[in-house]
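Count residues from 1 along the sequence.
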Amino acid sequence: MSEEETKPTPEEETVTTPEVEAEEPRQPEDELTKWREMALRTAAEYDNYRKRCVKDREEFTKYANRSLLEELLPVIDNFEMGMQMAAQQGTDSMMYIGMSMVQKQLADFLAGQGVEAIDAAPGQEFDHNVHEAIMSEPSDQPEGTIIRILRRGYNLRGRLLRPVNVVTAAPKTEEEPATEA
């Protein structure tokens, strides 16, 4: 091959040269943009991670004593039954007065820990989010209405700690007369 065949013509040189020159300066800018975007994305991910860690830590400390409070609730239930028995002897008795002072201290302690009793009363509609139906009984009330409360329920800072145990109304069944054979 001769030199003339391998050399590009002047037209080919002018056509190919600007494309090559245009690509070369763009590559460092593209590379810089790519690394800048990656750095910004990484910084944003780290900031989100940091915020999530702070939120998780707050959630943990907010609900850290949950298991202790769950174990304390049956003691409070028994104490309230004792209060009912003491009230039967009379609210003027020293035992009742002393127990009511302890009951107030317990209520203040629970409130300080973020524990709130769930409001429930006979006649309310059953709510599966806060009530637990232990049984149902035939009643004149609409089906799903609370008839009795068996055990109080509690929330811990807006979360369910223990549901209210209730008895709900069931439709009355008409007994069929016995057939004699």
Which atom pair, heavy atoms only, marks the closest approach of [X] to [Y]?
| X | Y | result |
| --- | --- | --- |
| Q141 | I147 | OE1-CG1, 4.3 Å |
| E132 | P163 | OE1-CG, 3.7 Å |
| H131 | V166 | CB-CG2, 4.2 Å |
| T91 | I97 | O-CG1, 3.9 Å |
| I149 | P122 | CD1-CD, 4.2 Å |
| Q124 | A120 | OE1-CA, 3.2 Å |

Taking the side chain as everything from C-beta on, heavy atoms only, tell me whether [X] gets closer than 4.5 Å to [Y].
| X | Y | answer |
| --- | --- | --- |
| T168 | S136 | yes |
| E143 | P171 | yes |
| W35 | E37 | no |
| V167 | I134 | no |

Can [X] and [Y] be counted as an ion pair, charged N to O under 4.0 angstrom?
| X | Y | value |
| --- | --- | --- |
| K34 | D30 | no |
| R52 | E59 | no |
| D77 | R162 | yes |
| R152 | E80 | yes |

| remark: The remaining residues in the hydrophobic cluster of I76, counting side-chain heavy-atom contacts under 4.5 Å among Ile, Leu, Val, Met, Phe, Trp and Tyr, are Y63, L69, L72, L73, V75, F79, M83, M95, Y96, M99, V102, L106, F109, L110, V115, Y154, L156, L161
To the nearest 0.5 Å, what is the distance between [atom1] ([X]) and [atom2] ([Y])?
| X | Y | atom1 | atom2 | answer |
| --- | --- | --- | --- | --- |
| R57 | K62 | CZ | NZ | 15.5 Å |
| E116 | N155 | CD | CG | 6.5 Å |
| E58 | C53 | CD | SG | 11.5 Å |

How about [X]: does its [atom1] atom have over 12 heavy atoms from other parts shown lying under 6.0 Å from it?
| X | atom1 | answer |
| --- | --- | --- |
| N129 | CG | yes |
| D56 | CG | yes |
| M38 | CE | yes |

| said: Any side-chain to backbone donor/acceptor pair from Q89 onto A86? Under 3.5 Å, distance only. | reply: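 Absent.
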| message | Using a 3.5 Å distance criterion without hydrogens, assess whether the side chain of T33 forms a donor-acceptor pair with backbone atoms of E29. | response | yes
| task | Could you tell me which residues satisfy side-chain hydrogen bond (donor to acceptor under 3.5 Å, both in side chains) with R157, sequence neighbours excluded, listed by chain and number? | result | none
